[in-house]
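Note that ligands are numbered from 1 as they come in the structure, with each ligand's atoms numbered from 1 the same way.
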Amino acid sequence: MVSTELYPHPLDPLSAQELKDVVQHARNVWKLDHRHLFAMVQLHEPSKEIVNNWKDSDPVQRAAKITLWNSSTSTVIEAVITVEGKEISFTEIPGAKSPILSTESEKAIKAAKADKRIIAALKDRGVEDINQVHMETWPIGAQIPKELDDGRRLIWTPMWQRPTEFANLYAHPINGLHAIVDLDSGEVVSVENTEIIPIPQTPGPYRENQTGANIKLKDLAIVQSEGPSFSVEGWKVNWERWNLRVGFCQREGLVIHDVKFKDQDKERKIAHRLSIAELVIPYGDPSQGAYRKNAFDTGEFGLGNYTNSLTLGCDCLGEIVYLDAAVTTPDGSIKEIPNAICVHEEDNGILWKHVDADGHTEVRRGRRFVVSSIVTVNNYEYGYFWYFYQDGSIEFEAKLTGIVLTVADAIGKDHPSATELEPGLWAPYHQHILCARLDLDIDGEQNSVLEVESFAHPQGDKNPYGGAYETKETLLSKEKDSQRVIDPFSGRYWKIVNQQVKNHMDHPVGYKLIPGHTTFPLALPESTIGKKAGFMYKHLWVTKNSDSEKYPAGDYPFQHPGGAGLPEWTKANRNIENEDVVLWYVFGTNHIPRTEDWPVMPVEKTGFHLKPSGFFARSPGIDVAPSKPSCH
Ligand code: NI
């Protein structure tokens, strides 16, 4: 039986009521007014020590970390206050700039749409009705025009036309026209009106009532007649031998906390906190309207704000439990997101099988437990899926779908950094680069990281037949040693071990991080995006855990000159051997759009796998019972 009763826990996300309370208290305590915008309100996560020592009956001090944007002084304030209204801290952050806030975007679009220069330029492009124009507000992810580069917060507005009410607007990009808007004053400070290219007219229908969508299969129902095999207590979930806590925050969206696995009679800790701490999308097209599109969807927008409400039988199939989330809006009101996170189990094919020499067969079906959520950021959808398996492994998969971003250019032109999808409709090349922050605690906090590679000696004594190979392990003992890239040729992977805890073979227990499909940034390191997202030039970083180091491009990437986050912190070159360490794994896709990515891109996947490696004495899958008596 699934319980949805709420038990308070220090890591539970702030509820809608708690958010309401902290906003009210913050206003009273710090005398906030309409000039103070609530950029982010997130759980002030208690320290690891508090979480690890917390007992069910302990009183919980719940507090919020509030990021305020004082629009009159252009100042970021970080404040911490308890849900009862007790002030903990109130600190101005010099030089920081707030992420883009939804109310500011709305104001900017309104101003741009009312601007006479924009209206006239649209007429020159054949658009008479401003209501047909869809504008988005994007950070300027490249050099800001020099005359405007005086420290103010600016956005620019790519535009599309929606010629009929339900048309796919991304089929009709408007070229060579943008407003640049000062986010704080709400004024259009520049209008860029350059080349006029005819608006591509081939529609990109994808709605069922437009396409007919008549390829049908017979119904597939997932029936769990005895109910699901997991239980939910508030934000804690138990499934098979796993238990973990689901979390949610406005910046990162879905978070996983406190992951444990029951090995025989012992509950063993594997991870303290797992999240996707940044998602940046550098665009590789130098044409106007594309070279600036280098958005940090997590750090410049707050991914949690864009979380979908999921629908049973559509987004998730089977016996589902949904968890609801809530976020604050810039004016301090609360937006509830019902069905924000889906938890369910899935059949995962064969877990293992063997037919013995005597003909006896043992086969086990595998199942996996899934915690997922999906966000929509303008044209794109990102699904974050965490999988927990019966072999003791954990996998993360990002599912990328939605509509590729489009620009217009002359039909058939030589346009080398984009794919022409329809006549005059171009999809620029781009990369989706994610960074996972993995605070693993393998049987405790004191862990070390090894790089493992396979290699062959030259033919000779150590390799008499030429086919021999060995592995070598290199301890990454300092932060600078740990900045590594993948190497499929040597089968490179990284192993996080606890040297204090030995397995039955007297080796340190560990988990290995196995790279999956990934990419490497093409943007030059000296480019604006290269400097701002310096973390993306290494696939692996290891740092000594610090509560203040959460985001790999720094806390405030919006218009940051660059160098913040991982490149800055690791200058200290701290010891990471037998320490509480955090692994940062950078991965993603290099998206060269295909005509088949249009009009809505089928899901693309990228991710990584964490597998026990010397953690268990044998396969945890052996203890899984056959699904039917006839399966052995
Ligand atoms: Ni893409």
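- Taking 2.8 Å as the criterion, Gln431 does not count as a coordinating residue of the Ni ion (ligand 1), since none of its N, O or S atoms falls below it.
- Between the Tyr384 side chain and the Glu252 main chain, no donor and acceptor come within less than 3.5 Å of each other.
- At distances below 3.5 Å, at least one donor-acceptor pair connects side-chain atoms of His539 with backbone N or O atoms of Ile486.
- Shortest distance from the Ni ion (ligand 1) to His591 is reached at ND1 (N/O/S atoms only).
- The six-membered or imidazole ring of Trp569 lies away from that of Trp541, with a centre-to-centre distance of 6.0 Å or more.
- A cation-pi arrangement is present between Arg251 and Tyr551, with the terminal nitrogen or guanidinium carbon under 6.0 Å from the aromatic centre and inside a 45° cone about the axis.
- Rounded to the nearest 10 degrees, the angle NE2 (His432) to the Ni ion (ligand 1) to OH (Tyr380) equals 100°.
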